[in-house]
> 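Here you go, one structure.
Quick caveat: nothing in here was measured; it's all calculated off a predicted structure. Letters go in sequence order (proteins before strands), and every chain restarts at 1.
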Number of protein chains: 2
Amino acid sequence: MSQADTVTRILDSAEELFAEKGFAETSLRMITTRAKVNLAAVNYHFGSKKDLIQAVFARFLSPFCTKLDRELSVMAAANSEPGLRDVLDVLARTMLTGVNSTAGTRKLSVFMRLLGLAYTQAQGHLRRFLKENYHQTYSRFILYLRAAHPELSPREIFWRIHFAIGACVFTMSSIEVLREMSRADTGEDSGVEDVMNQLIPFLAAALER
Amino acid sequence: MSQADTVTRILDSAEELFAEKGFAETSLRMITTRAKVNLAAVNYHFGSKKDLIQAVFARFLSPFCTKLDRELSVMAAANSEPGLRDVLDVLARTMLTGVNSTAGTRKLSVFMRLLGLAYTQAQGHLRRFLKENYHQTYSRFILYLRAAHPELSPREIFWRIHFAIGACVFTMSSIEVLREMSRADTGEDSGVEDVMNQLIPFLAAALER
DNA sequence: TCACGTTTTAAACGGTCGTTTTAAACAATC
DNA sequence: GATTGTTTAAAACGACCGTTTAAAACGTGA
């Protein structure tokens, strides 16, 4: 087994388990057992559990932010005064890239769940890491939102966008629990795509009022 | 120190710590140290950590559901065809009861945070406990929502209300992190009440579209 | 093939966890 | 005031945690 194999398998297992259980509830032994590697491999390749958590986030956030930055530039080049809808479309398209399969949908779900953990379970080190590495892209995104709605105060923009993030993150974080509740309540299954198709107009109505 | 003192102080400390850190990150030693009681007191009075978690939820959910049930009955008696706004007002008023002080606002924040944990961190036992004890009130609430909007499918109702819950729960769960981010971004402080005053019209726009 | 740097392995470390045990302190009853 | 049931106290239990160690296995260029 090559080094790349070991590192990748640790990251894959850790990502799944963190998303499923959270950081504290996931032990290195669970991760290494699922990844079929030796327990010491995590400390050898990553240094510590904290570093592994950061690596898991870096693996999906770095390409995401790179792509988002590029897409924002494309948008700005094509449209000198992008509206709210344009900016959100860029975000949605960037997030949904490659989400046309069941595997892709699960990827998005994991992405959202990890994002939620970053807010609600963040040990200080993770928040510092995220701010240090991804704050620039975040700021740029917010700036376009402000430009699109100069009549709203920065605070109003901030909170509206985070209410929306909350609805997304919560829904996707608890998606399995919620689908089961929905099934019990209504007798019908709700596919993840059905849920998304309801979530987007819901948020649009709230953001654009 | 009377038994009531010990039990109450354990519940108080556990509630604060669970809301702040989550279940797994809060040890019985933290709880008993803060409560200034002996470590063994939790197992003696509650049986186990799981039972303590359930007791924390029961202490604030039982009176809440009792009150909500009563208020729903009052509403139904006064109005044979309550609208969405009526039903949500009942919920909001029930939740905001006694939230006119700083202490009250913190209580609400803790309430929301615990509710969020129930969805996202729930160990199976907690979800089973909540369903067993509080599902009836929940169902009744949902029924009024359905009656208010018979043109919407039960599934649409379910998801819209949970998107809204998500925005609330996420916001209140991460309120301190978010306020700090907002401060860093905009240079202004956002009081919790300011946030609520923005959240409510945000949700109203999304639910009533 | 040998030597050497890298990676994997098995075992152990110290520490914290939830829980249990045993005895002491307390409160209420007769 | 002795007795009985309840509550508190200190200490220990085994289990699991993240991490470290030291040796074995591996791969590669000389």
> Round to the nearest Å and state the distance from A/Phe23 atom CZ to D/dG18 atom P.
14 Å
> Are the side chains of A/Arg140 and A/Ser73 in touch, meaning some heavy atoms are under 4.5 Å apart?
yes
> Does D/dT8 have its OP1 or OP2 closer than 4.0 Å to a side-chain nitrogen or oxygen of B/His45?
yes
> Quick check: B/His125 with B/Phe129 (ring centres under 6.0 Å apart)?
no
> Please report, rounded to the nearest Å, how far the C1' atom of D/dT6 is from the CG atom of B/Asp5.
16 Å
> Can you check the A/Asn38 CG to D/dG18 P distance for me, whole Å?
14 Å
> C/dC17, OP1 or OP2 - any side-chain N/O from B/Ser27 closer than 4.0 Å?
yes
> So if I define the base as every atom that isn't primed, P, OP1 or OP2, how would nucleotides 19-26 of chain C read as a B/S/- string at a heavy-atom cutoff under 4.0 Å?
BB------
> Between C1' on D/dG18 and CG on A/Asp51, what's the gap in Å once rounded to a whole number?
13 Å
> Could you pull out all residues at least two apart from A/Arg29 that satisfy salt bridge (Lys or Arg N to Asp or Glu O under 4.0 Å)?
none
> Decide yes or no for B/His149 and B/Val87: does some side-chain heavy atom of the first lie under 4.5 Å from some side-chain heavy atom of the second?
no
> With distance as the sole test, does A/Arg113 use its side chain to make a donor-acceptor pair with the main-chain N or O of B/Thr120 at under 3.5 Å?
yes
> Enumerate the residue pairs fulfilling ring-ring contact (aromatic ring centres under 6.0 Å, His included) with a member in residues 10-33 of chain B, sequence neighbours excluded, ordered by first and then second residue.
B/Phe18-B/Phe23
> Remember a base hit wins even if backbone is also touched, and classify B/Thr26 as base, sugar-phosphate or nothing at under 4.0 Å, heavy atoms.
sugar-phosphate
> Quick one: A/Ile31 CD1 to D/dG18 P, roughly how many Å, whole number?
8 Å
